[in-house]
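Read through the structure below, which is laid out as structure tokens, and then see the notes.
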Amino acid sequence: MKIQIINGPNLNLLGTREPGIYGSNTMETYLETLRARYPDMEIDYYQSNVEGELINKLQEVGFSCDGIVLNAGAYTHTSIALQDCIRSLKAPVIEVHISNVHKREEFRHHSFISCACLGVICGFGMDSYRLAVEAIKMKNEE
Ligand code: DQA
């Protein structure tokens with residue numbers, strides 16, 4: 001199985017960015033443990049702070065991989081372009097958030113991408129990514 005994890009803006013700063021909310025683990029360290037847990041899966045990772053680059057990556061992988069784990073960061077709450085893109089893909093997309101966005105500011109409660117995604121996982125820290133991988137695995141075994 002081939003899974004693509006995509007992180008949006010400011011998620012390159014995981015480890016140092018607001019550790020009280022996002023924890024102190026870097027994405028690189030987390031990816032090592034994730035890949036070790038799923039040795040049979042190919043787990044690719046991409047991060048960009050630029051909306052159009054996220055769309056380019058989604059279009060590039062969205063017809064060939066088995067599933068996409070997308071943390072669109074703040075673009076979650078603003079981007080119709082990402083919603084349109086997700087709708088156009090063949091691969092299922094799972095929306096992920098490290099924090100529980102519903103416990104936070106009101107502007108984080110609305111997502112422009114949830115309606116185009118297979119499902120949403122939020123609030124489990126970095127483990128939200130693993131739960132999304134599990135969800136894709138489960139779907140694939142159905
Ligand atoms: C986030 C939540 C978003 O509201 C925020 O803009 C982020 C990270 C999360 O993973 O909890 O950048 O997607």
Side-chain angles (χ1 to χ4, degrees), residues 1-140:
M1 270 188 76
K2 204 172 149 65
I3 290 184
Q4 178 74 50
I5 298 177
I6 300 180
N7 270 350
N10 302 308
L11 291 163
N12 52 318
L13 299 180
L14 284 175
T16 55
R17 175 192 181 195
E18 299 185 89
I21 297 174
Y22 301 112
S24 46
N25 214 351
T26 65
M27 193 65 194
E28 287 66 29
T29 307
Y30 182 74
L31 278 171
E32 274 176 32
T33 51
L34 194 64
R35 287 180 178 131
R37 192 176 176 130
Y38 299 102
D40 298 337
M41 282 189 196
E42 188 182 330
I43 302 176
D44 293 327
Y45 176 63
Y46 177 79
Q47 189 277 332
S48 175
N49 293 320
V50 181
E51 187 176 12
E53 286 179 359
L54 295 169
I55 291 170
N56 284 343
K57 189 66 185 179
L58 284 162
Q59 290 185 5
E60 179 194 317
V61 302
F63 297 91
S64 52
C65 70
D66 297 296
I68 299 170
V69 177
L70 173 64
N71 185 347
Y75 289 138
T76 304
H77 316 298
T78 63
S79 180
I80 294 167
L82 273 174
Q83 179 190 135
D84 284 347
C85 174
I86 294 164
R87 283 188 196 286
S88 314
L89 306 177
K90 190 167 156 271
V93 178
I94 314 278
E95 174 184 346
V96 155
H97 302 285
I98 297 165
S99 63
N100 181 348
V101 284
H102 299 288
K103 272 187 175 171
R104 299 180 64 192
E105 303 95 323
E106 185 113 25
F107 64 84
R108 294 186 205 276
H109 297 181
H110 181 257
S111 165
F112 274 101
I113 63 171
S114 300
C115 58
C117 290
L118 180 64
V120 182
I121 295 169
C122 79
F124 296 96
M126 297 291 262
D127 239 15
S128 295
Y129 293 95
R130 182 183 63 79
L131 294 169
V133 169
E134 278 296 332
I136 293 170
K137 197 167 156 251
M138 192 187 77
K139 268 277 156 201
N140 232 265

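One-based numbering, in listed order, for ligands and for the atoms of each. Atom set for the values below is all heavy atoms of this structure, side chains included, hydrogens, waters and symmetry mates excluded.
At least one donor-acceptor pair under 3.5 Å links the side chain of Ser128 to the backbone N or O of His97. A donor-acceptor pair is defined here as one N or O able to donate and one able to accept, closer than 3.5 Å; such a pair exists between the side chain of Tyr75 and the backbone of Asn49.
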Are Ile55 and Leu82 close enough, and set up right, to give a side-chain contact (heavy atoms from CB on, under 4.5 Å), and what steps lead you there?
-> CA-CA 6 Å; Ile55 291 170; Leu82 273 174; 3.9 Å; yes
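Side chain to side chain, Tyr129 and Asn7 meet the donor-acceptor criterion of an N or O pair below 3.5 Å. A donor-acceptor pair shorter than 3.5 Å can be found between the side chains of Glu51 and Ser79.
Partners of Tyr22 by ring pair (Phe, Tyr, Trp, His ring centres under 6.0 Å), not counting sequence neighbours: none found.
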Need the list: ligand 1 N/O atoms against protein N/O atoms, distance under 3.5 Å, rounded to one decimal.
residue  : atom   : partner : partner atom : Å
ligand 1 : 4 (O)  : His77   : NE2          : 2.7
ligand 1 : 4 (O)  : Arg108  : NH1          : 2.9
ligand 1 : 6 (O)  : Ala74   : N            : 3.2
ligand 1 : 6 (O)  : Arg108  : NH1          : 3.1
ligand 1 : 10 (O) : Asn71   : ND2          : 2.8
ligand 1 : 10 (O) : Ile98   : N            : 2.7
ligand 1 : 11 (O) : Ile98   : N            : 3.2
ligand 1 : 11 (O) : Ser99   : N            : 2.9
ligand 1 : 11 (O) : Ser99   : OG           : 2.6
ligand 1 : 12 (O) : Arg17   : NH1          : 3.2
ligand 1 : 12 (O) : Arg17   : NH2          : 3.0
ligand 1 : 13 (O) : Asn71   : OD1          : 2.8
ligand 1 : 13 (O) : His97   : ND1          : 2.8

